[in-house]
Amino acid sequence: LEACKKIDFTLFINTSSTSEYGIKDEPMKETDMLAPVNDYGITKAAATLYCQKESRRNSLPIITLRLFSVYGPYEAKNRLIPTLVSGAVKNIPIALSKPENVRDYLYIEDAVAAYMQASNMIHDPGAVYNIGTGIETNTQEVANMVLSLTKSTSELLWGKVAVQERQMEPSSWVADNAKAKNVLGWSPKYSLRDGLAETIAWFRLHGKLYE
């Protein structure tokens, strides 16, 4: 930001995380109090607040897109969907944590579309937008969908992956994306099933990158 302040930039988009919200029992809104429960969420919240301060104090075009659980090509191999897909296409047992863990899964093409849409607009100083589907899905449902799409015979080994401190699991994790829809004119185009199908097709071509 300090470097950007030296030039006449059009828009600075800060990428933040739903971990800033902490534990919520209903759809997360941009107006919710930030209450992170781990160090990662604290650093992301600090970055968002700093961006808002700079935007408002210095009248700079800075906004924040708060992404939910983005998946798709090139996702880190230790995350859920690459773990599921890589195991499923090989028909090997897949070690997982808990079937009831929930997320709002967002396909990468929809995430990119949100950046493109936001880049073509003038925003309120320091504006924050939730970028998520508004649909909550648990790990069991995602796993079953991957197995169905790949026609895999992999066994799901629940409870074999320990939940780390950074991964404290709330009972609800889903976006209220009304602001993104109403202000940005953005809404996701891919269903989870369609996004997973695209991811699986990509993985079949490029899976060796994960080896």
Side-chain angles (χ1 to χ4, degrees), residues 1 3-4 7 9-21 27-30 40-41 43-45 47-48 50-52 55 60-86 89 102-137 141-142 145-146 149-150 173-210:
L1 281 175
C4 283
I7 64 173
F9 67 96
T10 302
L11 183 66
F12 184 107
I13 300 179
N14 170 52
T15 299
S16 74
S17 166
T18 56
S19 292
E20 297 175 48
Y21 287 122
M28 299 169 178
K29 298 181 180 180
E30 294 88 349
Y40 172 75
T43 61
K44 297 301 286 186
T48 296
Y50 182 78
C51 286
Q52 289 183 316
S55 180
L60 294 173
I62 304 169
I63 66 168
T64 291
L65 297 187
R66 191 168 280 143
L67 303 184
F68 280 68
S69 296
V70 181
Y71 69 96
Y74 297 104
E75 186 179 5
K77 68 178 182 180
N78 63 325
R79 292 173 64 83
L80 174 64
I81 290 176
T83 297
L84 283 168
V85 174
S86 62
V89 298
V102 291
R103 291 290 187 278
D104 183 334
Y105 292 98
L106 178 72
Y107 187 53
I108 183 63
E109 292 291 342
D110 282 328
V112 171
Y115 283 86
M116 299 301 292
Q117 185 72 12
S119 297
N120 295 321
M121 301 176 62
I122 296 175
H123 305 268
D124 292 334
V128 177
Y129 302 95
N130 280 341
I131 305 300
T133 68
I135 300 172
E136 185 177 81
T137 310
E141 293 169 321
V142 177
M145 207 173 292
V146 169
L149 288 166
T150 57
W173 195 321
V174 63
D176 180 325
N177 59 10
K179 184 177 180 181
K181 288 181 176 180
N182 295 335
V183 179
L184 297 182
W186 171 90
S187 60
K189 304 301 182 185
Y190 288 82
S191 67
L192 178 56
R193 189 174 185 87
D194 289 343
L196 287 175
E198 293 284 335
T199 302
I200 291 165
W202 178 89
F203 199 96
R204 291 190 187 280
L205 292 175
H206 304 288
K208 288 187 177 181
L209 293 173
Y210 287 80

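On a predicted model such as this, the values are computed, not experimentally measured, just so you know. Computed over heavy atoms, backbone and side chain alike; hydrogens, waters and symmetry mates excluded.
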**Q** Short question: side chain of Asn14, backbone of Ile62 - any donor-acceptor pair under 3.5 Å?
**A**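 Judged by distance alone, no pair lies under 3.5 Å.
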**Q** Hey, what do you get for CD1 (Ile200) to CG (Leu205), rounding to the nearest 0.5 Å?
**A** 12.5 Å
**Q** What heavy-atom pair brings Arg79 and Val70 nearest, and what distance separates the two atoms?
**A**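 So the minimum-distance heavy-atom pair works out to NH2-O, 4.3 Å.
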**Q** Say you draw a straight line from CG of Leu80 to CD of Glu75; how long is it, rounded to the nearest 0.5 Å?
**A** 8.0 Å
**Q** With rounding to the nearest 0.5 angstrom, report the CG to OG distance, Leu65 to Ser16.
**A** 7.5 Å
**Q** Looking only at heavy atoms, what is the nearest atom pair of Tyr210 and Pro82, with distance?
**A**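 Heavy-atom minimum between the residues: CE2-CB, 4.1 Å.
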**Q** Run the side-chain hydrogen bond (donor to acceptor under 3.5 Å, both in side chains) test against Asn177 and tell me which residues pass, sequence neighbours left out.
**A**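 Not a single residue meets the side-chain hydrogen bond (donor to acceptor under 3.5 Å, both in side chains) criterion with Asn177.
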**Q** Taking Leu60's backbone N and O only, do any of them form a donor-acceptor pair with Ser55's side chain (distance below 3.5 Å, no angle check)?
**A** yes
**Q** Does the side chain to side chain contact (heavy atoms under 4.5 Å, CB included) test come out yes or no for Tyr190 and Ile108, once each step is laid out?
**A** CA-CA 9 Å; Tyr190 288 82; Ile108 183 63; over 6 Å; no
**Q** Tell me, which pairs form a side chain to side chain donor-acceptor pair (under 3.5 Å) where one or both residues lie in residues 179-189, sequence neighbours left out?
**A** none
**Q** Distance from Met28 atom CE to Asn130 atom CG, nearest 0.5 Å?
**A**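 It comes to 9.0 Å.
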**Q** Is there any side chain to side chain donor-acceptor pair (under 3.5 Å) pair reaching into residues 194-208, and which pairs are they, with sequence neighbours excluded?
**A** Ser191-Asp194
**Q** Quick check for you: to the nearest 0.5 Å, what is the distance between Leu67 atom CG and Ser17 atom OG?
**A**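 With rounding to 0.5 Å, CG (Leu67) is 8.0 Å from OG (Ser17).
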**Q** Counting neighbours of CD1 on Ile122 that are heavy atoms of other residues, nucleotides or ligands and sit closer than 6.0 Å, is the number greater than 12?
**A**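 Counting other residues, nucleotides and ligands, CD1 of Ile122 stays at 12 neighbours or fewer.
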**Q** Which residue pairs satisfy the salt bridge (Lys or Arg N to Asp or Glu O under 4.0 Å) criterion with at least one member in residues 62-72, sequence neighbours excluded?
**A** Glu20-Arg66
**Q** So which atom in Val146 and which in Thr150 form the shortest heavy-atom distance, rounded to 0.1 Å?
**A**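 Taking every non-hydrogen atom into account, O-OG1, 2.7 Å.
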**Q** Between Cys4 and Phe12, which heavy-atom pair has the shortest distance, and what is it?
**A** SG-CD1, 3.7 Å
**Q** Can you name the closest pair of heavy atoms from Ile131 and Ala180 and give their distance?
**A**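 Closest approach of Ile131 to Ala180, heavy atoms only: CD1-CB, 4.1 Å.
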**Q** Strictly distance-based, threshold 3.5 Å: is any side-chain N or O of Asp104 a donor or acceptor partner for the main-chain N or O of Phe68?
**A** no
**Q** Indicate the atoms forming the closest heavy-atom contact of Leu196 with Met145, along with that distance.
**A** CD1-SD, 3.7 Å
**Q** Got a sec, which residues hit salt bridge (charged side-chain N to carboxylate O under 4.0 Å, His left out) with Glu30, two or more places apart in sequence or on another chain?
**A** none
**Q** What distance separates Thr137 OG1 from Ile135 CD1, expressed to the nearest 0.5 Å?
**A** 6.5 Å
**Q** Considering only residues two or more places apart or on different chains, which pairs with a residue in residues 105-127 satisfy side chain to side chain donor-acceptor pair (under 3.5 Å)?
**A**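 Pairs touching residues 105-127 that pass the test: Thr15-Tyr115, His123-Tyr129.
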**Q** Report the C-alpha separation of Leu192 and Tyr71 in whole Å, then their side-chain angles, then the decisive distance to 0.1 Å, and conclude whether the side chain to side chain contact (heavy atoms under 4.5 Å, CB included) test is met.
**A** CA-CA 10 Å; Leu192 178 56; Tyr71 69 96; 3.6 Å; yes
**Q** Show the numbers, then the answer: is there a side chain to side chain contact (heavy atoms under 4.5 Å, CB included) between Lys29 and Tyr21?
**A** CA-CA 9 Å; Lys29 298 181 180 180; Tyr21 287 122; 5.8 Å; no
